[in-house]
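This is a predicted model, so every value here is computed, not measured. So you know, we letter chains A, B, ... as the sequences are listed, proteins then strands, and number each from 1.
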Amino acid sequence: MKSPVRVRFAPSPTGFFHIGSARTALFNWLYARHTGGKFILRIEDTDKERNSAEFLQVILDSMRWLGMDWDEGPEVGGDYGPYFQSQRTELYRAKLKELADKGKAYEKDGAWWLRLEGARAMVFDDHLKKEIEKVSAAPMVLQDLVRGRVERAEDRDFVIFRSNGEPVFHFVNVVDDIEMKITHVIRGEDHLSNTSKHLEIFKAFGATPPEYAHIPLILKTDGPGKMSKRDRGALIEEYQQRHYLPAAVRNYLCLLGWTPTDGREVLPIEDIISQFELSAIHQSNARFDERKMAHINTQTLRALPADEFNALAKPILSAAHLIDESISSQRLAEVLAIVQEKVISLEHLPEFVGFFFTTSFKKDENALANLTKKGGDPRARIQELLPHLESSAWTESGLESAFNAAASAHQRKPTDFFAPARFATSGQGGGPHLLGVLRVLGRDTTLSRLKSFIA
RNA sequence: GCCCCCUUCGUCUAGCCCGGUCCAGGACACCUCGUUUUCACUGAGGUAACUGGGGUUCGAAUCCCCAAGGGGGCGCCA
């Protein structure tokens with residue numbers, strides 16, 4: 001019987017949470033959940049210079065925001081801790097000694113090096129621009145779960161413990177994967193070439209390496225290279241601040257390097273989990289496209305149950321000072337009910353619905369210009385419409401009749417009155433269904449806004 | 001410079017493993033048109049791709065080779 005899957009995400013808290021890291025974490029998490037295995041969070045903080053507690057917190061927060069819970073790691077514990085590499089130094093020293101005793105590692109220039117097996121010769125290295133000792137070691141063969149067979153030979157000994165007494169990434173990464181009984185390493189393709197180093201270390205320990213799955217990288221929207229922290233849209237916090245739905249961000253991230261088998265692009269996480277397979281991960285890099293993510297966000301937002309939508313909308317409207325605690329949940333629900341199917345994002349919600357709550361709503365000059373261009377004088381239209389609305393029943397069908405009556409009285413189309421009425425009451429050129437807007441706005445507000453428009 | 005990976009519409013991709021059903025399908029974006037109830041919606045339609053060259057084959061997006069392009073790695077960073 002195969003041992004249960006244990007995967008890990010091993011970030012080093014040296015910066016904000018990058019979208020590429022998030023996607024790597026996500027694929028690990030998905031695989032754990034798909035297989036019923038364990039998802040372990042391990043903090044690779046061996047570089048004291050560059051690590052910070054603030055960045056660690058950002059990573060933990062972002063992971064939770066995206067709904068990626070870990071079974072072992074910081075704040076939750078586990079049987080293989082500690083989960084901070086900075087707290088595992090004694091283990092690494094012991095492991096180094098083990099290799100040294102076996103003659104697999106040696107000291108030079110104060111640092112410890114892994115000794116490769118093979119013939120040695122001094123060779124000038126074009127990249128390093130100096131003469132170094134190269135080793136003709138046998139190639140390491142990797143049977144990668146997404147790349148297939150990859151063969152690569154290391155050609156020189158490499159440092160595993162620095163002269164300052166701290167271990168190097170390649171070493172701690174492998175030691176911890178052994179100690180934590182990691183069965184599958186799912187990581188970015190940028191580590192593919194490093195894997196031969198890791199396999200050499202496994203070999204030195206006489207340990208069986210885990211399965212590997214090297215996933216494609218996320219490239220910049222335009223321009224060369226992979227996404228870097230400085231690129232627009234690269235940081236998870238940004239989406240959090242902009243009120244993106246975490247489920248939508250997560251959904252989009254899944255699409256970068258993997259395709260759901262049932263043909264849907266927007267789908268619930270349970271379905272993603274059940275369809276997710278490492279063998280279906282793509283081999284080629286994907287370019288980041290924020291517009292597609294925004295689209296998925298819109299779809300997800302529209303599909304939300306009304307009460308969830310309202311719960312998300314309320315604090316956003318409060319923060320924009322459009323509503324306060326005095327608003328009844330009934331009133332709020334009434335407004336949001338006609339808005340949810342039209343708004344494109346929670347970020348845009350305040351400007352989209354502001355006119356319901358304040359008389360000092362913004363007027364879209366473009367919309368006004370358009371209005372005059374298309375339908376003649378908007379003030380004349382409101383003038384013609386007003387009496388019909390004043391005598392109207394304040395229901396959508398009543399309002400509809402009023403528009404129709406105004407139209408036939410002045411030999412016009414009902415739609416000729418729509419844009420002027422919308423602009424006069426909301427300052428917008430578009431928005432939720434107009435009759436719904438007027439209904440929810442109420443008779444008094446509607447009439448007074450129309451009157452002040454023509455005043 | 002050396003090594004590794006990749007290569008279908010502008011972008012994300014389906015198809016490729018098991019060659020014919022693909023004059024290549026979907027989605028985002030873009031463009032057009034429609035709705036006597038607007039629109040950031042919705043409906044209909046459109047533009048647009050198998051990197052190039054050689055092979056194998058009756059037949060290749062699918063198999064093989066080469067080239068080119070893209071990406072990554074080569075640190076006492078992770």
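Only the P atoms considered, B/C66 is 41 Å distant from B/A29, to the nearest whole Å. Rounded to the nearest Å, the gap between the P atom of B/G52 and that of B/A68 is 16 Å. Nucleotides B/C58 and B/G15 place their P atoms 28 Å apart, quoted to the nearest Å. For the C1' atom pair drawn from B/G72 and B/C30, the interatomic distance equals 32 Å after rounding to whole Å.
Atom pair A/Ile344:CD1 and B/C28:C1' shows a separation of 14 Å (rounding to whole Å applied). Atom-to-atom, CD1 of A/Ile218 to P of B/C5 comes out at 22 Å; the value is rounded to the nearest Å. Atoms CZ (A/Arg412) and P (B/U36) sit 17 Å apart, rounded to a whole Å. One atom, CG of A/Asp144, and another, C1' of B/C5, lie 10 Å apart when rounded to the nearest Å. One can place CG of A/Asp262 at 21 Å from P of B/G25, the figure rounded to the nearest angstrom.
A close approach under 4.0 Å does occur between a side-chain nitrogen or oxygen of A/Thr46 and OP1 or OP2 of B/A78. Side-chain N/O atoms of A/Thr259 include one lying less than 4.0 angstrom from OP1 or OP2 on B/A14. At B/U13, one or more side-chain N or O atoms of A/His282 fall inside 4.0 Å of OP1 or OP2 (strictly under the cut-off). Phosphate proximity of B/C6 to A/Gln283: present, with a side-chain N or O under 4.0 Å from OP1 or OP2. For B/C3, the OP1/OP2 oxygens have no side-chain nitrogen or oxygen of A/Lys197 closer than 4.0 Å.
Residues A/Leu256 and A/Leu192 both approach RNA chain B. Their nearest nucleotides, taken by heavy-atom distance, put A/Leu192 toward the 5′ side. Taking for each of A/Gln428 and A/Gly223 the nucleotide of RNA chain B with the nearest heavy atom, the 5'-most of the two is the partner of A/Gln428.
A cation-pi contact, defined as under 6.0 Å to the ring centre and within 45° of the axis, links A/Arg6 to A/Tyr80.
Looking only at side-chain heavy atoms (C-beta outward), A/Asn297 and A/Tyr252 stay at 4.5 Å or farther from each other. A/Ile215 is not listed as a side-chain neighbour of A/Glu189, based on a closest heavy-atom distance of 4.5 Å or more.
Between A/His388 and A/Phe403, the gap from one ring centroid to the other reaches at least 6.0 Å. Between A/Phe171 and A/Phe161, the distance from one ring center to the other falls under 6.0 angstrom.
In terms of polar N and O atoms assigned as donor or acceptor, the side chain of A/Asp190 never comes within less than 3.5 Å of the base of B/A78 in a complementary pairing. Put simply, the side chain of A/Lys292 and the base of B/A29 share no donor and acceptor less than 3.5 Å apart.
Proximity note for A/Ser193 (side chain, C-beta onward) versus B/G72, B/G75, B/U38: the nearest is B/G72. Listed candidates were B/U38, B/C28, B/G71. Nearest to the side chain of A/His295 is B/C28. Listed nucleotides B/C39, B/G72, B/U36 differ in distance to A/Lys342; the shortest reach to its side chain belongs to B/C39. If you check B/C76, B/G72, B/U11 against the side chain of A/Val159, the one that comes closest is B/C76. In this structure, of B/G71, B/C74, B/C12, it is B/C12 that holds the atom nearest to the side chain of A/Ala286. Here the nucleotide nearest the side chain of A/Arg422, chosen from B/G73, B/U38, B/C5, is B/U38. In the set B/A78, B/U38, B/G71, the nucleotide with an atom closest to the side chain of A/Glu44 is B/A78. Looking at the side chain of A/Arg147, the nearest of the listed nucleotides B/C6, B/G26, B/U13 is B/C6. You'll find that the side chain of A/Arg302 is closest to B/C41, out of B/C41, B/U38, B/G73.
Across all strands shown, A/Gly225 has heavy atoms under 4.0 Å from sugar-phosphate atoms exclusively, and none from any base. Residue A/Leu128 is in sugar-phosphate contact alone, with no base atom involved, counting any heavy-atom pair closer than 4.0 Å across all strands shown. Using a 4.0 Å heavy-atom distance criterion, A/Gly15 is classed as making no nucleic acid contact. As judged by a 4.0 angstrom heavy-atom cut-off over every strand, A/Pro224 is placed among residues touching the sugar-phosphate backbone only. Contacts of A/Leu434 with the nucleic acid, taken as non-hydrogen atoms under 4.0 Å apart, include base atoms. Residue contacts for A/Leu217: at a heavy-atom cut-off of 4.0 Å it reaches the sugar-phosphate backbone alone, with no base atom in range.
Of the possible donor and acceptor atoms, one in the side chain of A/His18 sits under 3.5 Å from a partner among the backbone N and O of A/Gly20.
Note that CH2 of A/Trp258 is 9.5 Å distant from CD1 of A/Ile281, once rounded to the nearest 0.5 Å. Taken to the nearest 0.5 Å, the CG atom of A/Leu30 stands 7.0 Å off from the CD1 atom of A/Ile272.
Stacking between A/His127 and the base of B/G1 is present: ring centres sit under 5.5 Å apart and the planes differ by under 30 degrees.
Pairing partner, B/A24: none, since no Watson-Crick or wobble contact has both distances short of 3.5 Å.
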